[in-house]
Enquirer: 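Handing you a structure now.
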Amino acid sequence: MRALSFPLYLSLLAFLALPVRAELSLLNVSYDVSRELYKDINPAFAAEWQARKQARIEINQSHGGSSKQALSVAAGLEADVVTMNQSPDIDILVERGALVAADWKRRFPHGSAPYTTVSVFLVRKGNPKGIKDWADLARPGISVIVPNPKTSGNGRYTYLAAWGQALQKNGNNAAEAQKFVAALFKNVPVLDGGGRGATTTFTQRDIGDVLVTFENEAALIADELGDERFEVVYPALTIEAAAPVAIVDKVVDKRGTREAATAYLNFLFSPAGQQIIARHHFRPRDPAVLRQYAAHFPAVRTFTVESALGGWAAVQKTHFADGGIYDQIVEHP
Amino acid sequence: MARRHKSVLPGFSLTLGYTLLYLSLIVLIPLAAVFLKSAELSPAEFWKVVSAPRVVASYKVSFGLSLAAAAINSVFGLLLAWSLVRYSFPGKKLVDALVDLPFALPTAVAGIALTALYASNGWLGKLLETPGPFIGSLLAALWLRLGGTEQAAESLSGACVEALAGWGVKVAYTPLGILVALIFIGLPFVVRTVQPILEDLDMELEEAAASLGAQRWQTFYRVLLPILLPALLTGFALAFARAVGEYGSVIFIAGNTPLVSEITPLIIITKLEQYDYVGATAVAAVMLLLSFVLLLLINVLQAWSGQRIRRGRG
């Protein structure tokens with residue numbers, strides 16, 4: 001007796017062959033605010049890939065809080081590439097299960113970060129409180145909106161920007177810096193969970209004299225709500241936040257997508273990719289593109305976590321770990 | 001005869017086995033994972049994590065406000081259920097459906113809506129924070145209606161604004177805001193548990209009590225409340241449990257000020273954000289334990305009140 005009829009055999013074979021014949025796809029696991037950016041990047045890259053390879057490619061996106069996304073990838077979400085807003089969220093993938101190669105920062109130009117942004121102030125139109133620089137944020141009677149540094153990368157950068165500039169101003173005196181940051185955080189009435197929440201508090205609830213946030217978020221607010229209600233103030237010295245990207249080695253080797261994933265991330269550094277990045281108010285790395293959009297990106301003196309604060313591992317340990325300086329500041333105001 | 005006592009109903013071992021298996025798969029194993037993970041800490045480390053001042057403050061906020069919200073819902077939920085069952089009025093079906101809305105609404109939506117309403121620039125928040133102008137203009141309008149002069153009305157409203165200055169209440173971004181959110185999400189539980197009992201309750205019982213000379217208050221207190229109490233306690237327990245675990249809506253309205261308005265779930269999330277899995281599970285374990293003890297207490301209370309009724313009837 002024949003176990004299976006011939007047509008059944010055929011359909012079974014076809015079914016088994018399906019996954020192989022399915023078109024090439026990549027999963028990009030990213031943070032929250034990059035949603036609009038990758039909505040423009042992905043079709044542009046797919047078109048370029050089509051022209052070069054005569055093959056279709058599909059890019060799937062997953063967005064969420066940066067650290068939560070990193071945890072999902074560590075727990076088994078099959079991301080071909082990760083595009084985050086702070087390097088600890090990629091370092092964790094090196095530590096957990098060696099999903100990403102330890103030298104990921106050297107795989108692509110500019111420390112594998114295709115764009116940066118800086119922390120700026122958004123104040124109400126006409127700047128009624130005369131907020132010009134960091135020192136003004138610690139003045140009594142000023143209300144400052146900052147997202148929670150414990151839950152938000154945006155808040156962490158704000159905290160570190162305040163800390164780093166205070167260090168420079170006070171000749172690297174950490175005690176003075178702590179005093180300054182403590183005074184600043186005493187002026188924070190609401191600690192929202194994320195950057196978008198802080199934006200809502202400042203713009204919709206009319207709470208606070210100044211919102212400290214990323215330049216791209218400030219530009220987005222101006223785009224969405226019109227320029228007549230708010231204006232951006234650039235402090236004399238601020239932090240530069242680089243958005244790092246990496247290939248998830250274990251996943252691309254398993255899925256056979258290394259070539260496509262590499263091309264995808266390289267596209268971010270190409271002139272075409274940099275153009276899209278600049279249009280989304282992120283500071284491009286390409287000097288030509290940066291010049292083209294110079295009006296949107298005023299020159300500002302910056303430092304980075306690596307250049308001024310000893311790197312993320314040290315910062316995490318001294319500032320944000322339980323019992324660290326941030327906890328001391330908020331628990332004993 | 002040494003025969004085992006058997007239940008009249010067949011399939012006892014089968015159903016018990018199924019119950020235990022299902023409970024284990026759905027409830028016990030995931031919860032055991034929490035305790036196992038937190039056991040990676042030494043007892044001293046565990047204690048240090050779960051007794052940090054910020055964490056302890058968050059227990060007080062989470063459990064205190066959840067109990068308060070459940071208590072408030074028990075009173076007003078009972079009233080709501082009462083009027084839904086005992087009276088008929090136009091739009092009753094609509095009101096009945098409205099009760100379930102907090103169930104269906106994504107909690108973040110509830111949080112955003114409540115914050116918009118109760119923030120200093122929202123229309124309830126404005127009223128509560130600076131009640132002077134509103135009450136003043138109300139009084140002035142009344143004064144004019146009564147035939148008073150415009151000048152007197154103006155000075156009346158001015159005096160009112162002055163007298164009430166500093167008397168406002170801030171709701172959004174304070175623990176009070178958390179309470180409002182927890183009351184909102186917990187409301188359906190009490191209404192929906194009490195409602196069927198009320199529907200089954202015969203009016204004759206109250207009539208009998210009245211004909212035997214009971215005052216209205218006595219009828220409520222000695223006849224109705226004992227019957228309603230078990231259901232009311234169930235509603236209380238459900239509303240409480242829901243409130244303790246709530247994150248989405250609270251986070252928007254709380255302000256999240258350390259030591260003042262941080263809820264325990266936020267502490268757990270912050271630990272996860274820092275990749276401190278073990279610390280997060282330690283706090284979660286304490287939270288589970290506290291919740292379990294409180295729910296057990298409520299269950300014991302409920303069993304006791306149920307017994308009292310049966311004894312009273314028998």
Enquirer: Between B/Lys48 and A/Asp322, does any side-chain N to carboxylate O distance fall below 4.0 Å?
Expert: no
Enquirer: Relative to chain A, which of B/Gly255, B/Ser120, B/Ala254 shows the most heavy atom pairs under 4.5 Å?
Expert: B/Gly255
Enquirer: Could you state the interatomic distance from CG (A/Asn148) to CD1 (B/Ile269), rounded to the nearest 0.5 Å?
Expert: 11.5 Å
Enquirer: Pick one of side chain, backbone, both or neither for B/Thr115, based on which atoms fall under 4.5 Å of a heavy atom in chain A.
Expert: both
Enquirer: Checking side chain to side chain contact (heavy atoms under 4.5 Å, CB included) between A/Lys150 and each of B/Arg54, B/Glu262, B/Lys271, B/Glu273, which is the one that passes?
Expert: B/Arg54
Enquirer: Ignoring hydrogens and angles, tell me if any N or O in the side chain of B/Asn121 forms a donor-acceptor pair with the backbone of A/Gln204 under 3.5 Å.
Expert: yes
Enquirer: Measuring heavy-atom distances to chain A, does B/Ala116 have an atom under 4.5 Å in its side chain, in its backbone, in both, or in neither?
Expert: both
Enquirer: Please indicate whether A/Phe230 has more than 12 foreign heavy atoms, meaning atoms of other residues, nucleotides or ligands, lying under 6.0 Å from its CZ.
Expert: yes
Enquirer: Do the side chains of B/Pro258 and A/Leu191 get nearer than 4.5 Å, heavy atoms only?
Expert: yes
Enquirer: More than 12 non-hydrogen atoms from neighbouring residues, nucleotides or ligands closer than 6.0 Å to CD on B/Glu40, yes or no?
Expert: yes
Enquirer: Listed by chain and number, what are the side chain to side chain donor-acceptor pair (under 3.5 Å) partners of A/Ser30, not counting sequence neighbours?
Expert: A/Ser34, A/Thr83
Enquirer: Give a yes or no on this: more than 12 heavy atoms of other residues, nucleotides or ligands lie within 6.0 Å of atom CZ of B/Phe103.
Expert: yes
Enquirer: I need the A/Thr151 OG1 to B/Leu272 CG distance, nearest 0.5 Å.
Expert: 11.5 Å
Enquirer: Can you establish whether the number of heavy atoms outside B/Phe35 located under 6.0 Å from its atom CZ is more than 12?
Expert: yes
Enquirer: Calculate, to the nearest 0.5 Å, the distance between atoms CD1 and OH belonging to A/Ile207 and B/Tyr173 respectively.
Expert: 4.0 Å
